[in-house]
Amino acid sequence: MWYIMSLDHKEKIASLQQQIFAHSTATLYGDTWGDSLPASLEATPILTWKKLIECPFRKRTYTAKPLFVHITYRDSEACLIGRTTSDILSEHYGDTTVARPLVAAHYRHHAIEKGMWFYEHNILPQIALENVDATLAIAKMYDIDSMVLDERSVSEYLPRVKTFPKLKRIHIISSHFDARKIMTHVIPNMLTLVLALPETGTIALSCPDALKKNKVLFHPARHSLLEHRDSLIVTRTVLLPTPIIRYDTEIRTHIEKHTCSCKDTYETFSLL
Amino acid sequence: MTLRYTSKEDFQGSIIGLENYIPGDPSTKDLAIKASSGTSGIGPTVIVEKSPVQSKKEKYLKKIKASIRLGGQRASALAGVNLLLRHAHINRTLAIDAKDLKHPAIAHVLAGFAPTELYAIPLSFLRTVMHTLKTSSVGWAFRRVRLIYFSGEWTSLREKEEIFKPFHKLEENIDEYGSAEAGSYAYSCKELTKRYSKKGLLVFHPTPVMHSQLKDISAEGIGEVIVSTHELLNYRTGDAGKLITETCTCGSTQTLVLFGRIHSDYLNCAGATFALEKVERVFEALTDIVQEYQICVKEHDDGVTLRGEVHIYFVSTKEYESKSNAEDYVEQFVNRMLPVTPTRTLGELVKEGVFLPTITQVVKSIPKKGYKRVRLKKIV
């Protein structure tokens with residue numbers, strides 16, 4: 001089942017598939033699509049993590065533009081993913097009207113990528129050091145007004161947010177969330193949960209209206225087309241250096257009908 | 001007119017340069033929030049640094065194709081990546097640290113990235129990378145590397161040769177001299193390295209931030225290196241150096257020779273204290289073996305672990321010149337006898353892993369001019 005599939009989406013995806021198919025050196029998709037373009041998105045083979053890591057980096061890079069590269073780890077496997085500055089700039093994180101953010105992530109390449117997003121928006125980020133106490137001492141001096149945390153930084157930073165009375169936004173970027181734990185430290189008004197995988201970028205954003213009722217529901221993010229099967233299948237409607245067309249996120253979801261003030265009546269989903 | 005000098009102590013626990021930042025202004029892209037380490041009880045110095053793009057650097061940025069940034073401060077890496085992506089024509093860049101090296105697939109990932117340049121500031125992280133990859137085919141991961149940009153001192157020329165051995169296509173290595181507070185002050189070049197490497201000297205071409213300044217210049221021309229950046233005016237680095245006017249094939253007209261730290265009666269490293277008086281007392285007991293000596297204490301901070309390392313260089317007395325075990329004897333004696341904390345000796349800290357094993361080397365001479373018996377190099 002597709003969450004949304006407008007005519008606009010269909011046109012964008014058809015154009016994306018043509019560009020991917022016509023690429024002379026990258027073969028990530030061509031190898032499974034065969035000699036002809038898939039007739040529709042529904043008819044396009046699903047891309048899995050296994051297929052992604054089996055394809056060499058140069059064979060799944062569909063651009064010659066300068067790239068910032070990060071590493072995606074999953075158990076004992078790893079995969080390189082490139083992003084251009086314009087990809088990073090156009091990533092969707094919801095409400096980001098902040099001026100002095102602190103960015104904390106377990107891996108430096110992930111911290112740098114989030115930091116670059118702020119630079120591209122003319123916002124100077126503080127990048128967390130390995131030492132949490134030193135980072136928070138600097139954050140006091142810098143007078144931070146927001147935090148961007150990944151899943152592994154949450155336990156280090158969230159218990160300390162109350163010592164920063166000027167904080168107005170906290171973004172948590174992850175593929176799963178311990179909502180109850182998060183809500184003990186942060187009031188829903190200032191929270192955005194960003195459902196994302198390093199290989200796909202942002203998939204969905206938490207519904208602020210549901211958060212106010214202590215419920216964690218997600219709306220698809222801009223440029224993300226979602227399909228519900230045994231797990232969540234995502235298509236990014238922009239041409240990323242490694243395009244994401246029907247990628248199996250392995251995230252299990254449950255679709256819910258929910259009327260909210262942010263999106264009228266809109267398909268939303270929760271994580272299982 | 002008397003110049004007013006500033007030093008690290010003037011700024012500790014404060015933030016400077018914040019006035020450079022106007023939210024929403026495109027010039028934000030030239031800024032970085034950098035922090036230098038704080039002493040106990042006082043917080044770090046935080047600098048909102050405005051980075052001028054130096055023409056020399058820009059020339060190199062344009063050449064870069066596939067670079068990996070190894071270690072260093074994350075904020076510096078972010079600023080570097082920003083600079084690179086704005087100035088390079090076609091490239092890709094990856095930044096890793098010690099956490100990445102723990103992953104079992106890292107050698108495979110680095111090989112897939114196929115780096116052509118490595119940016120290792122500090123140099124200690126390049127050592128860690130090479131050590132980690134030793135068991136998983138370094139050559140495979142780094143077979144295309146042609147340029148290495150680093151900051152830090154080699155323990156010996158042999159160590160440099162060892163580390164560079166897997167880089168079959170290495171065309172150039174550029175050494176950088178600078179600090180967390182003021183960024184890069186100077187850099188080496190191919191010609192400079194060739195000309196001075198056999199003399200074992202640390203030599204660089206100054207960048208514009210140095211303004212060719214030295215303070216309290218001795219009769220030998222050695223003085224304290226002073227730098228000025230957008231935020232730090234007449235900043236005392238604590239390093240001793242000498243400026244030589246000479247034209248290099250790279251176009252630079254000045255050479256800076258570094259002679260270690262000044263004011264080094266005692267120094268702190270990885271939680272230990274090396275007091276000159278105590279070091280001298282230990283070596284007084286070795287006068288039958290040691291004619292002259294120098295101790296170089298290094299602090300390696302790879303972002304996760306802080307570790308010290310001691311290198312002992314000594315000139316043997318005539319009686320012991322031909323004895324092969326002199327190095328071992330001196331090393332064991334210093335490890336056993338030199339107290340570096342109120343309760344522990346250097347040897348005990350080596351056993352505990354706080355310090356890397358002591359390295360001892362007999363040399364023909366200890367350079368005299370400007371050298372200190374005990375010198376410290378912090379590698380962060």
Side-chain angles (χ1 to χ4, degrees), chain A residues 53 56-58 61 64-80 82 84-85 88 98-100 102-116 118-131 133-135 137-143 145 241, chain B residues 13-15 18 20-29 31-33 35 37-38 43-44 46 48 66 68-69 71-82 84-100 103-106 108-110 112-114 301-304:
Chain A
I53 62 165
F57 181 54
R58 62 193 166 83
T61 303
K65 288 179 185 167
L67 293 179
F68 177 71
V69 180
H70 69 241
I71 309 171
T72 302
Y73 294 112
R74 195 180 286 187
D75 302 322
S76 62
E77 294 167 331
C79 171
L80 291 163
T84 65
T85 44
I88 292 167
V98 298
R100 294 180 182 199
L102 165 67
V103 176
H106 184 71
Y107 288 108
R108 76 168 37 213
H109 29 93
H110 292 162
I112 288 174
E113 192 174 298
K114 304 299 174 289
M116 285 174 72
F118 284 108
Y119 270 115
E120 291 305 309
H121 287 84
N122 301 321
I123 298 167
L124 179 62
Q126 178 199 337
I127 305 298
L129 307 169
E130 296 290 338
N131 183 326
D133 289 332
T135 299
I138 296 166
K140 288 249 183 242
M141 286 192 245
Y142 187 45
D143 204 13
D145 62 2
Chain B
S14 60
I15 185 164
L18 190 56
N20 291 334
Y21 174 46
I22 303 155
D25 192 307
S27 67
T28 291
K29 285 183 184 174
L31 302 178
I33 300 179
S37 56
V46 181
V48 178
I68 298 184
R69 299 185 69 96
Q73 271 198 32
R74 287 182 173 195
S76 303
L78 172 57
V81 167
N82 263 327
L84 197 58
L85 291 180
R86 273 192 284 156
H87 290 276
H89 293 311
I90 297 173
N91 73 60
R92 54 180 185 266
T93 183
L94 169 69
I96 61 166
D97 63 19
K99 284 176 183 167
D100 296 285
H103 197 275
I106 191 67
H108 180 77
V109 164
L110 296 182
F113 184 83
D301 184 357
D302 61 11
V304 177

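Lettering follows sequence order; numbering is per chain, from 1.
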For this session: Select, from B:Ile22, B:Leu31, B:Ile106, the one with the greatest count of heavy-atom pairs under 4.5 Å involving chain A.
Result: B:Leu31
Exercise. Does A:Phe68 reach the side chain of B:Asn82, with side-chain heavy atoms less than 4.5 Å apart?
Worked result: no
Seminar exercise, completed: When the 4.5 angstrom heavy-atom criterion is applied to A:Asp75 and chain B, the contacting part is backbone
For this session: Please examine the side chains of B:Asp100 and A:Tyr73, heavy atoms only from C-beta on, and report whether any two atoms are closer than 4.5 Å.
Result: yes
Exercise. Would you find more than 12 non-hydrogen atoms of other residues, nucleotides or ligands less than 6.0 Å from B:Lys29 atom NZ?
Worked result: yes
Exercise. With only heavy atoms counted, which part of B:Leu94 is less than 4.5 Å from chain A, the side chain, the backbone, both or neither?
Worked result: both
Exercise. Which bit of B:Leu84 is near chain A, if near means a heavy-atom gap under 4.5 Å: side chain, backbone, both or neither?
Worked result: neither
Exercise. What residues, two or more places apart in sequence or in another chain, satisfy salt bridge (charged side-chain N to carboxylate O under 4.0 Å, His left out) together with A:Arg58?
Worked result: none
Exercise. Which bit of A:Pro241 comes within less than 4.5 Å of chain B, counting heavy atoms only: side chain, backbone, both or neither?
Worked result: neither
For this session: Specify the closest pair of heavy atoms between B:Val109 and A:Cys79, including all atoms of both residues, with the distance to one decimal.
Result: CG2-N, 4.5 Å
Exercise. Would you say B:His108 has more than 12 foreign heavy atoms packed within less than 6.0 Å of its NE2?
Worked result: no
For this session: Please examine the side chains of B:Pro44 and A:Leu129, heavy atoms only from C-beta on, and report whether any two atoms are closer than 4.5 Å.
Result: no
Exercise. For B:Ala114, is it the side chain, the backbone, both, or neither that has a heavy atom closer than 4.5 Å to a heavy atom of chain A?
Worked result: neither
Problem set entry | A:Phe118 versus chain B, the contacting section by heavy-atom distance below 4.5 Å | neither
Seminar exercise, completed: The interface call for A:Glu77 against chain B, heavy-atom contacts under 4.5 Å, is backbone
Exercise. Contact part of A:Ala64 toward chain B, heavy-atom cut-off under 4.5 Å: side chain, backbone, both or neither?
Worked result: backbone
Problem set entry | Which portion of B:Val46 sits near chain A, non-hydrogen atoms under 4.5 angstrom | side chain
Problem set entry | Pairs of heavy atoms under 4.5 Å with chain A: top-ranked of B:Gly24, B:Pro23, B:Ala77, B:Ala105 | B:Gly24
Problem set entry | Inter-residue atom distance B:Ile68.CD1 - A:His109.NE2, 0.5 Å rounding | 10.5 Å
Exercise. Would you call the rings of A:Tyr142 and B:Tyr21 parallel, tilted or perpendicular if under 30° counts as parallel and over 60° as perpendicular?
Worked result: tilted
Problem set entry | chain B contact via A:Thr85 - side chain, backbone, both or neither, heavy atoms under 4.5 Å | side chain
Exercise. Taking C-beta and beyond as the side chain, do B:Leu85 and A:Met116 meet within less than 4.5 Å on heavy atoms?
Worked result: yes
Exercise. Which pair of heavy atoms, one from A:Pro125 and one from B:Ile33, lies closest together, and at what distance?
Worked result: O-CD1, 3.7 Å
Problem set entry | Interface moiety of A:Glu113 toward chain B, non-hydrogen atoms closer than 4.5 Å | neither
For this session: Name the member of A:Arg100, A:His121, A:Gln126, A:His70 that forms the most heavy-atom pairs with chain B at distances under 4.5 Å.
Result: A:Arg100
Exercise. Do the side chains of B:Lys99 and A:Glu130 get nearer than 4.5 Å, heavy atoms only?
Worked result: yes
Exercise. With respect to chain A, which residue among B:Pro104, B:Pro26, B:Ala75 yields the maximal number of heavy-atom pairs within a distance under 4.5 Å?
Worked result: B:Pro26
Problem set entry | Contact origin within B:Ser14 toward chain A - heavy atom pairs under 4.5 Å | backbone
Seminar exercise, completed: Pair count under 4.5 Å, heavy atoms only, with chain B: among A:Ile127, A:Ile138, A:Asp133, A:Leu124, highest is A:Leu124
Exercise. Side chain, backbone, both or neither: which part of A:Leu80 has a heavy atom under 4.5 Å from chain B?
Worked result: side chain
Seminar exercise, completed: CZ of B:Arg74 to OG1 of A:Thr135, rounded to nearest 0.5 Å, is 9.0 Å
Exercise. CD1 of A:Ile71 to NE2 of B:His103: how many Å apart, nearest 0.5 Å?
Worked result: 9.0 Å
